[in-house]
Novice: 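Got a structure for you, written out below as structure tokens; questions coming shortly.
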Amino acid sequence: AQKITQTQPGMFVQEKEAVTLDCTYDTSDPSYGLFWYKQPSSGEMIFLIYQGSYDQQNATEGRYSLNFQKARKSANLVISASQLGDSAMYFCAMRERDTGRRALTFGSGTRLQVQP
Amino acid sequence: EAGVTQFPSHSVIEKGQTVTLRCDPISGHDNLYWYRRVMGKEIKFLLHFVKESKQDESGMPNNRFLAERTGGTYSTLKVQPAELEDSGVYFCASSQGPGMKEGPRVQYFGPGTRLLVL
């Protein structure tokens, strides 16, 4: 069974600094996708970035990048130049491809607080 | 383009009552998903529709939960009768259909319905 682990329940970062949110996963499926979502206090889940298991390069989207280490089964989210608006819950999620199931499996989330 | 919308945003009901949650996916999205997060736990998958058909309902907790997607557009999730442990946030998400180029098929989430069963 697939599993996502986010070991940091809460993180603090100073504005303008970079922060790394950890995510490790476990799956026996050789083909899978990894997603990060942001959930601000308003409650909506916002898609941030995606990494496919066969992608050769780490994904980047603006200030977000994904540090994908396949052998270690980790997919850490890096936010550069943190802004106050980055304060939110962040969820790592995975979807296996070969099973045909499209359900996402989520981690427990990390609450990030950006301090001025 | 409008995102995924959910109604109501909040619902407070008593144990034993019935509640119906509604989700309107992004226009043109064939795939519709329901998830929920109960207090202190992870977001869990409930079920997946492709158009009007239930593709995967392996996450539905029991037969008190009934999901429908008549006509392949909006979906409803009915809880009858509601129990205390059903309290939580119910999310709906949608993604593009199989006609699109294979890719991440990102699931776009709605704002959720916060359900409190007293």
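Chain letters run A, B, ... following the sequence lines, proteins first, then strands; residues in each count from 1. It should be emphasised that the depicted structure is a prediction, and the values quoted were computed from it without experimental measurement.
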Novice: At a heavy-atom separation under 4.5 Å, does A/Gln6 approach chain B through its side chain, its backbone, both, or neither?
Specialist: neither

Novice: Quick one: are A/Gln39 and B/Arg37 in side-chain contact, heavy atoms under 4.5 Å?
Specialist: yes

Novice: Decide whether B/Val4 and B/Tyr74 are clustered together by the hydrophobic rule: side chain heavy atoms of Ile, Leu, Val, Met, Phe, Trp, Tyr closer than 4.5 Å, transitively.
Specialist: no

Novice: Are B/Phe45 and A/Phe47 co-members of a hydrophobic cluster defined by side-chain heavy atoms under 4.5 Å apart?
Specialist: yes

Novice: Same cluster or not: are B/Leu21 and B/Tyr35 linked, directly or through other Ile, Leu, Val, Met, Phe, Trp or Tyr residues, by side-chain heavy atoms under 4.5 angstrom apart?
Specialist: no

Novice: Counting only heavy atoms not in A/Tyr64, do more than 12 fall under 6.0 Å of its OH?
Specialist: yes

Novice: By a 4.5 Å heavy-atom criterion (distance strictly below it), what part of B/Ser58 contacts chain A: side chain, backbone, both, or neither?
Specialist: side chain

Novice: Answer yes or no: is there a donor N or O on one side and an acceptor on the other, between the side chain of A/Arg95 and the main chain of B/Arg105, under 3.5 Å?
Specialist: yes

Novice: Report yes or no: do A/Phe91 and B/Val89 belong to one cluster of Ile/Leu/Val/Met/Phe/Trp/Tyr joined by side chain heavy-atom distances under 4.5 Å?
Specialist: yes

Novice: I'd like to know if the side chain of B/Tyr33 and the backbone of A/Leu104 have a donor-acceptor N/O pair within less than 3.5 Å.
Specialist: no

Novice: Of the listed residues (A/Gly33, A/Ser42, A/Gly43), which shares the most heavy-atom pairs with chain B below a 4.5 Å separation?
Specialist: A/Gly43

Novice: Is any side-chain heavy atom of B/Ile43 closer than 4.5 Å to a side-chain heavy atom of A/Met45?
Specialist: yes

Novice: When clusters are formed by joining ILVMFWY residues with side-chain heavy atoms under 4.5 Å apart, either directly or through shared neighbours, do A/Tyr90 and A/Phe68 land in the same one?
Specialist: yes

Novice: I need the A/Phe106 CZ to B/Phe91 CZ distance, nearest 0.5 Å.
Specialist: 8.5 Å

